[in-house]
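Take a look at the structure set out below.
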Amino acid sequence: MTADSQKNERYNAREAERRWQKAWDERGIYATKNDDPRPKYYVLEMFPYPSGRIHMGHVRNYAMGDVVARFQRAMGKNVLHPMGWDAFGMPAENAAIDRKVHPKTWTYDNIVAMKKQLQSMGLSLDWSREIATCDPAYYKHQQKMFLDFLAAGLVERKQSKVNWDPVDQTVLANEQVIDGRGWRSGAVVDQRTLTQWFFKISDYAEDLLQAIDTLDRWPGKVRLMQKNWIGKSEGLLVRFALDPTTAPNKESELEIFTTRPDTLFGARFMALSPDHPLATAAAAKDPKLAAFIAECKKLGTAQEAIETAEKMGYDTGIKALHPFDADWKLPVYVANFILMDYGTGAIFGCPAHDQRDLDFVNKYGLGNTPVVCPPEVDPNSFIITDVAYDGDGRMINSRFLDGMTIEHAKQDVARRLEKETRGNCPVAQRQVNYRLRDWGISRQRYWGCPIPVIHCDKCGIVPVPQNDLPVVLPDDVTFERPGNPLDHHPTWKNVKCPQCSGAARRETDTMDTFVDSSWYFARFTDPWLTSAPTDREMVDEWLPVDQYIGGVEHAILHLLYSRFFTRAMRKTGHVGMDEPFAGLFTQGMVVHETYRDNAGNWIVPAEVKVEGGEGHRRATLIATGEQVEIGPIEKMSKSKKNTVDPDDLMDSYGADVARWFMLSDSPPDRDVIWSEEGVQGAGRFVQRLWRLIGEIAGVKAPAARPAHFSDAALTVRKTAHRALANVSEDVAKLRFNRCVAQIYEFANALSDALGGIEQAPSPDLAFALREAGDILVRLFYPMMPHLAEECWSALGHQTLVAAEAWPRLEPDLLVEATITLPVQINGKKRADVTVPRDAGKEAIEAAVLALDAVKRALDGKSPKKVIVVPQRIVNVVA
RNA sequence: GCGGACGUGGCGGAAUGGUAGACGCAAGGGACUUAAAAUCCCUUGGGAGUAAUCCCGUCUGGGUUCGAGUCCCAGCGUCCGCACCA
């Protein structure tokens, strides 16, 4: 193809993209070898749930990951960039119920469709490592690890109050309940008591918390969210003696947890959770209390109700004795706001310094005693009425603590009560509490990884022998009845006990799908291995993931589970490190305007035409011309119908345009607003680059590098290398929007340089232009790889850009002989001064003072001060 | 309630304490064209001036500094996370 014929020819993305994808494929250049000697780089995007179609969020996520992968490859790294499918989960079962398709069929059909979509994006993925978590070849290893964890004491079966999703008819972990609703179904969750399998993530609470500080390439926001979720609080466990004449049975004491032992002398009451054993015992003798507790439990089923419920209490008549004064008797209430599963399920109430306690005493007329006095307030006139004081100050009304700081008082109380004993045990001990609960993994669903244990009446819980793994899901299940199809299966659950050979039952619960995604990154390092979940050499070579990219919505769930799971795998010998993800990047969402017709129905953007600009934008229905209301910009969602199908985008503009636009408009960690205009702009730029490269391809350059470069040639070279330096830095830091701006600027400058040439350029300029063209192509290659290949070929190269190294920077070209410094007078820019790069402060000062603008401003006087910041700025203080 | 982030043109957004508004979008004007599309050129924070140039300007009010969008204090607003956690 000649340069002239290219000039008027538009770049045909559809044709070119298919052609280059085929070329990459044929050469297998994205298949990663495990024995490659180059330094490794593992880049991973969160693998998708195979819902059937990719959405714009996927396009953005995978475009970013692909830029990183291609860049690191060009930088000479052995890059691992795999893809797989988070393939178990409820939607497959819902499809089975709604459409009578088997979950397996539905899932694998979706995988085929989505894989095709991802491939059309031109992602540099190693598909030879593809895994699906619903494949027995994958979950076999998960079952093996479950058994290893069980043997290592990391798994527990216990009765517990669980979050029950009435729509999905299954249990949810705390992390999976958002605002009192199931994270997937959106149904209001209620509480049930069931026997469940748990991973003992709370054993690692402290370690998971401490190690957050080592994750220096994670967003601060995610680290903070995890810290808060783990929710460490340090305090004192205190045993209060009970007045035996008031205690219901033989209970002699009540244990409470407090983080404020300093306020013990402000105590006014004790409160028990309605589920507390002492409350239960007391209720046995007091029907009214029993009724109160029943009322609390009714109210307390849904989380929403808890949040709005009024504080209510019931005086049990039991009296607790103050630990520092046996004559001081505190009433013991049952109160609806005390949680059984935090601390001991009981508190002492200090109303003056805790808002909840204050609300409570104000309702029941128990009064309050302030014991911490704010600085610069007279202790004698300090009273609390409606607002509790939780600030700093000195102790008052607290006998031997008076005058101490809060911290000092806490220590003093702890020391005294630790020394005191009752029944050979100290009255108090220091304790650390965490908000983090164990991870309940039992799900009463079919489409998940079977939990490999057998229940035997004689032997109890018996692990499935390793040789019998995997426990494969049966295919012949029905979804006609609500509940767990595995439980309804006629034969599957009936097995012989591996120990006594008697009749036994399989566990019919399956694992939470978050288990599946807690180790897939490790499996990618050797997905072919059949004998074990991981090959230690390979997994220790590749992990941790150097750059993990995904949505911030996984800040707690998936990312915390994976951190725990990696620790558990280490303990059981499957990996050699604690932290799975060294670098984490959380990308923003793709958002779009919403549209509604007169009747208030949501309208999909594809059916809407938007016209006008600057405040007089209006939208109409393409079909009827009916006016449509433009609503707020929101996350693309099916319910608001503000989605754009990536396939449509790629069909009309090509994958490169879709990728470029997704990377261009907003910083990658913020939301990007999808707009047709923005996409068109990206499409125009693709054509512009194509024309520009066509022009450069028409420049005849000498094969050998000229010995000398003219000023014009040098300017072109400097522009190119400046762009190279900037883009390299920005890609490495994942600042894709700045990369895009740099590339625009570079292309603009190159266009200008070409436009200014009237005759055939001199050999040195021609060489510089060709060099700049080569650099430009390789700079936009990670973002628009197909266009880059086409351009690279047009420039006469026989190689693939995908196999090229990143351009080599000539740092000398970044250094200018002279620099132009802004000159400020009293902090305001008034002039420029051009000086040699290495000019000393005195020389710069002299040059500045000689400027007309400076002379005018000084009006003959000498300046008070001249500040010269070399390479930066000069400020004259008049 | 607790914790965190953010606040810059018509819009998305640039700016190691050092020339505010890079780059893109939108808009306006012009060229080419029979016309349209495509493309190219110019203008585009506000104000004054023929112009050189000057004044104002990064949510509001203070402060630190030769110099503040950036740092500190107070307030207003938006977004996010957690939330009877003792």
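All chains are named by letter (A, B, ...) in the order of the sequence lines, taking the proteins before the strands, and each is independently numbered beginning at 1. As the structure is a computational prediction, the values presented were derived from the model and not from experiment.
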Among B:C80, B:C85, B:G13, the one nearest A:Tyr342 by side-chain distance: B:C85
What residues, two or more places apart in sequence or in another chain, satisfy side-chain hydrogen bond (donor to acceptor under 3.5 Å, both in side chains) together with A:Asp359? A:Gln355
Within the supplied structure, the quantity of interest is the number of heavy atoms (other residues, nucleotides, ligands) at a distance under 6.0 Å from A:Arg735 CZ; does it exceed 12? yes
By the 4.0 Å heavy-atom rule, please label A:Asp357 as base, sugar-phosphate, or nothing. nothing
Distance check needed: B:G24 P versus A:Trp660 CH2, whole Å only. 11 Å
What residue pairs, at least two apart or across chains, pass salt bridge (charged side-chain N to carboxylate O under 4.0 Å, His left out) with a residue in residues 862-878 of chain A? none
Quantified in whole Å, what is the P atom distance between nucleotide B:U34 and nucleotide B:C23? 34 Å
For A:Ser664, answer base if it contacts any base atom (sugar-phosphate contacts may also be present), sugar-phosphate if it contacts only those atoms, and nothing otherwise; contact means non-hydrogen atoms under 4.0 Å. nothing
Could you work out the separation of B:G18 and B:U70 based on their P atoms and round it to a whole Å? 11 Å
Roughly how many Å apart are B:G45 and B:A14, using the C1' atom of each and rounding to a whole number? 15 Å
Using atom CD of A:Glu593 as one end and atom C1' of B:G12 as the other, report the distance to the nearest whole Å. 13 Å
B:C84 phosphate, OP1 or OP2, under 4.0 Å from A:Arg435 side-chain N/O: no
Those residues that, when tested against A:Asp354, pass salt bridge (charged side-chain N to carboxylate O under 4.0 Å, His left out) (two or more places apart): A:Arg356
Only counting residues at least two apart or in another chain, list the ones meeting side-chain hydrogen bond (donor to acceptor under 3.5 Å, both in side chains) with A:Lys232. A:Glu206
Would you kindly say whether A:Asp438 and A:Ser202 are connected by a side-chain donor-acceptor distance under 3.5 Å? yes
Under 4.0 Å between a side-chain N/O of A:Arg356 and OP1 or OP2 of B:C85, yes or no? yes
Each nucleotide N or O in nucleotides 61-66 of chain B that has a protein N or O under 3.5 Å away: list the pair and distance.
from	atom 1	to	atom 2	distance (Å)
B:C66	O2'	A:Asn875	ND2	3.2
B:C66	O2	A:Asn875	ND2	2.5

Any side-chain heavy-atom pair of A:Asp656 and A:Tyr11 under 4.5 Å: yes
What is the distance, to the nearest angstrom, from the NZ atom on A:Lys227 to the P atom on B:C82? 17 Å
For B:C85 and B:C66, measure between their P atoms and round to the nearest Å. 48 Å
Across all chains, not counting sequence neighbours, the side-chain hydrogen bond (donor to acceptor under 3.5 Å, both in side chains) partners of A:Asp213 are A:Lys227
Close residues, residues 741-748 of chain A, relative to RNA chain B [heavy-atom separation under 4.0 Å]: A:Ala741, A:Tyr744, A:Glu745, A:Asn748
Under the side-chain hydrogen bond (donor to acceptor under 3.5 Å, both in side chains) test, which residues partner A:Tyr744, sequence neighbours left out? none
Polar pair under 3.5 Å, donor/acceptor by atom type, side chain A:Arg872, base B:U16: yes
Say we look at B:C72 and B:A38: how far apart would their P atoms be, to the nearest angstrom? 48 Å
When you compare B:C59 with B:U50, how far apart are their C1' atoms, in angstrom units rounded to a whole number? 38 Å
Could you tell me whether A:Lys640 and A:Glu634 have a side-chain N and a carboxylate O separated by less than 4.0 Å? yes
Give me the ring orientation class for A:His353 and A:Tyr389: parallel if the planes are under 30° apart, tilted from 30 to 60°, perpendicular past 60°. perpendicular
Which label fits B:G12, syn or anti, where anti is any glycosidic angle not within 90° of 0? anti
Between atom CZ in A:Arg437 and atom P in B:C82, what is the gap in whole Å? 15 Å
Backbone of A:Phe269 reached by a side-chain donor or acceptor of A:Asp357 within 3.5 Å: no
A:Lys829 NZ to B:C55 P, straight-line distance once rounded to whole Å: 13 Å
Rounded P spacing from B:G4 to B:C71 in Å: 15 Å
Phosphate-side-chain proximity, A:Ser233 and B:A86, N/O vs OP1/OP2 below 4.0 Å: yes
Which pairs, protein N/O on one side and nucleotides 57-60 of chain B N/O on the other, fall under 3.5 Å?
none

With distance as the sole test, does A:Asp832 use its side chain to make a donor-acceptor pair with the main-chain N or O of A:Val823 at under 3.5 Å? no
Is A:Arg223 touching bases, backbone alone, or none of the nucleic acid, heavy atoms closer than 4.0 Å? nothing
For A:Glu255, salt bridge (charged side-chain N to carboxylate O under 4.0 Å, His left out) partners two or more places apart: none
Give the ring-plane orientation class for A:Tyr342 versus A:Phe257, where under 30° counts as parallel, over 60° as perpendicular and anything between as tilted. perpendicular
Identify which nucleotide among B:A83, B:A86, B:G18 has an atom closest to any side-chain atom of A:Ile338, counting heavy atoms from C-beta outward. B:A86
A:Glu845: salt bridge (charged side-chain N to carboxylate O under 4.0 Å, His left out) partners, not counting sequence neighbours: none
Rounded to whole angstroms, how far apart are NZ on A:Lys221 and P on B:C79? 13 Å
Can you pull every protein N or O that's under 3.5 Å from an N or O on nucleotides 36-47 of chain B?
from	atom 1	to	atom 2	distance (Å)
B:U39	O3'	A:Arg691	NH2	3.3

Whole angstroms only, please: what is the CG-P distance between A:Asn336 and B:A86? 18 Å
